Amino acid sequence: MRKLKFLIILIIGILLIPSTVMAEDSSKTEEKEKVNVYFFYGEGCGYCASAEEFFDSIKDEYGDKFNLVMYETWNDSDNADLMEKVADARKEEPKGVPYIIIGDQSWQGYDSSYNDEIVDKIEAEYEVSGDERYDIMNYVDGIKSTATADSESYAGDIAAVIAIVLVVGAIGYGIYFARKKAA
C-alpha cells in the first residue's frame with residue numbers, strides 16, 4: 001500500500017510540472033511586446049549622439065513600449081552590411097547614419113524636429129498586436145525574425161518539460177521496481 005501511495009504522489013507531481021510551466025507562459029503572453037526601434041549609428045557621429053540622447057530621454061516615459069536595437073556601422077562591417085540589407089528591403093538608399101527604423105517608417109539623419117513623430121510612431125506600433133506588427137528584420141535575408149525566435153524558444157520549453165517528465169517518470173519507475181524487488 002505504501003508503494004502505491006508513493007507512485008500516486010509521483011504521478012501527481014509529474015502532472016503538475018507542465019501545468020505550472022504553462023501557467024507561467026500564459027502570463028507572459030498577456031503582456032504586450034515592445035516595439036523594436038532599429039538604430040544604425042556611427043561611433044563619434046554628433047547626430048547619432050543626439051538621437052541616442054533623445055532615446056535615453058524618453059526611456060522613463062516610453063521605455064516599457066520599445067526596445068532600442070543599436071548597430072554601430074562605422075567600425076563594424078557586419079552592421080554596415082546589415083544596414084545596406086535593411087535599406088534594400090525598404091527600397092531605400094541609405095544616406096548615412098543615423099538611420100532609424102520603427103515599423104514601416106524610417107528616418108535618415110536626425111533632427112530634434114523628428115522627436116514627436118518618433119514617439120507617435122512608437123505608440124502607434126505598440127498598439128498593434130505583436131504578431132501583426134511590421135518588423136523590417138522579417139524581410140531581410142539572413143536575419144531570423146524575432147517572432148520565429150520566440151516560437152522556437154516556446155517549442156524548446158515544451159521539449160524541455162517533456163524531457164523532465166520522462167526522466168522523473170523513469171526514475172520513479174526504477175525506484176518502484178527496485179523497492180518491489182528488495183521486498
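Note that the coordinates shown come from a computational prediction; the quantities given were computed from them, not determined experimentally.
The residues Lys59 and Asp56 are annotated as salt-bridged, a charged nitrogen and a carboxylate oxygen being separated by less than 4.0 angstrom. Lys121 and Glu125 are joined by a salt bridge, as a carboxylate oxygen and a charged side-chain nitrogen come within less than 4.0 angstrom of each other.
Side chain of Asn67 to main chain of Asn36: no donor-acceptor pair is present (N/O by atom type, distance under 3.5 Å, no hydrogens or angles). Glu72 contributes a side-chain N or O that, together with a main-chain N or O of Trp74, makes up a donor-acceptor pair within less than 3.5 Å. Checking side-chain atoms of Thr73 against main-chain N and O of Tyr41 turns up a donor-acceptor pair under 3.5 Å. Under a 3.5 Å cut-off, the side chain of Arg90 and the backbone N or O of Lys85 do not form any donor-acceptor pair. Side chain of Gln108 to backbone of Lys95: a donor-acceptor contact under 3.5 angstrom is found.
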side-chain hydrogen bond (donor to acceptor under 3.5 Å, both in side chains), that's the test. Do Asp64 and Tyr62 meet it? Break it down for me.
CA-CA 5 Å; Asp64 59 332; Tyr62 301 102; over 6 Å; no

Audit row: Tyr99, Tyr71, ring-ring contact (aromatic ring centres under 6.0 Å, His included) steps and yes/no:
CA-CA 10 Å; Tyr99 184 43; Tyr71 298 98; over 10 Å; no

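Counting heavy atoms from C-beta outward, Pro98 and Cys45 have side chains that approach closer than 4.5 Å. Residues Ile122 and Ile58 have side chains in contact (heavy-atom distance under 4.5 Å, counting atoms from C-beta outward). At a threshold of 4.5 Å between non-hydrogen side-chain atoms, the residues Val119 and Asp116 do not count as touching. A heavy-atom distance below 4.5 Å is not found between the side chains of Val97 and Tyr47. In this structure the side chain of Lys65 reaches within 4.5 angstrom of the side chain of Glu123, judged on heavy atoms. Using a 4.5 Å heavy-atom cutoff, the side chains of Ile118 and Trp107 are in contact. You'll find the side chain of Gln105 stays beyond 4.5 Å of the side chain of Ile100, heavy atoms only.
Cys48 SG to Met70 CE: the interatomic distance, rounded to the nearest 0.5 Å, is 8.5 Å. For the atom pair CD1 of Ile102 and CD of Glu117, the computed distance is 9.0 Å after rounding to the nearest 0.5 Å. Put simply, CG on Asn79 and CG on Leu82 are 6.5 Å apart, with the number rounded to the nearest 0.5 Å. One distance of note links CD of Glu33 with OG of Ser129; it measures 8.0 Å at 0.5 Å rounding. The line from CD of Glu43 to CG of Asp76 is 11.5 Å long, rounded to the nearest 0.5 Å. Atom OG of residue Ser106 and atom OH of residue Tyr38 lie 14.0 Å apart, to the nearest 0.5 angstrom.
Not less than 6.0 angstrom separates the ring centroid of Tyr126 from the ring centroid of Phe66.
Linking ILVMFWY side-chain heavy atoms closer than 4.5 Å, directly or via other members, places Phe40 and Tyr139 in a single hydrophobic cluster. Using a 4.5 Å cut-off between side-chain heavy atoms of Ile, Leu, Val, Met, Phe, Trp and Tyr, with links allowed through other members, Val128 and Val37 fall into different hydrophobic clusters.
The shortest heavy-atom contact between Lys34 and Gly63 is NZ-O, 3.2 Å. The two atoms that bring Asp111 and Asn115 nearest to each other are O-OD1, 4.1 Å, heavy atoms only.
Ring geometry, Tyr114 versus Tyr110: the interplanar angle exceeds 60°, so the pair is classed perpendicular (tilted spans 30 to 60°).
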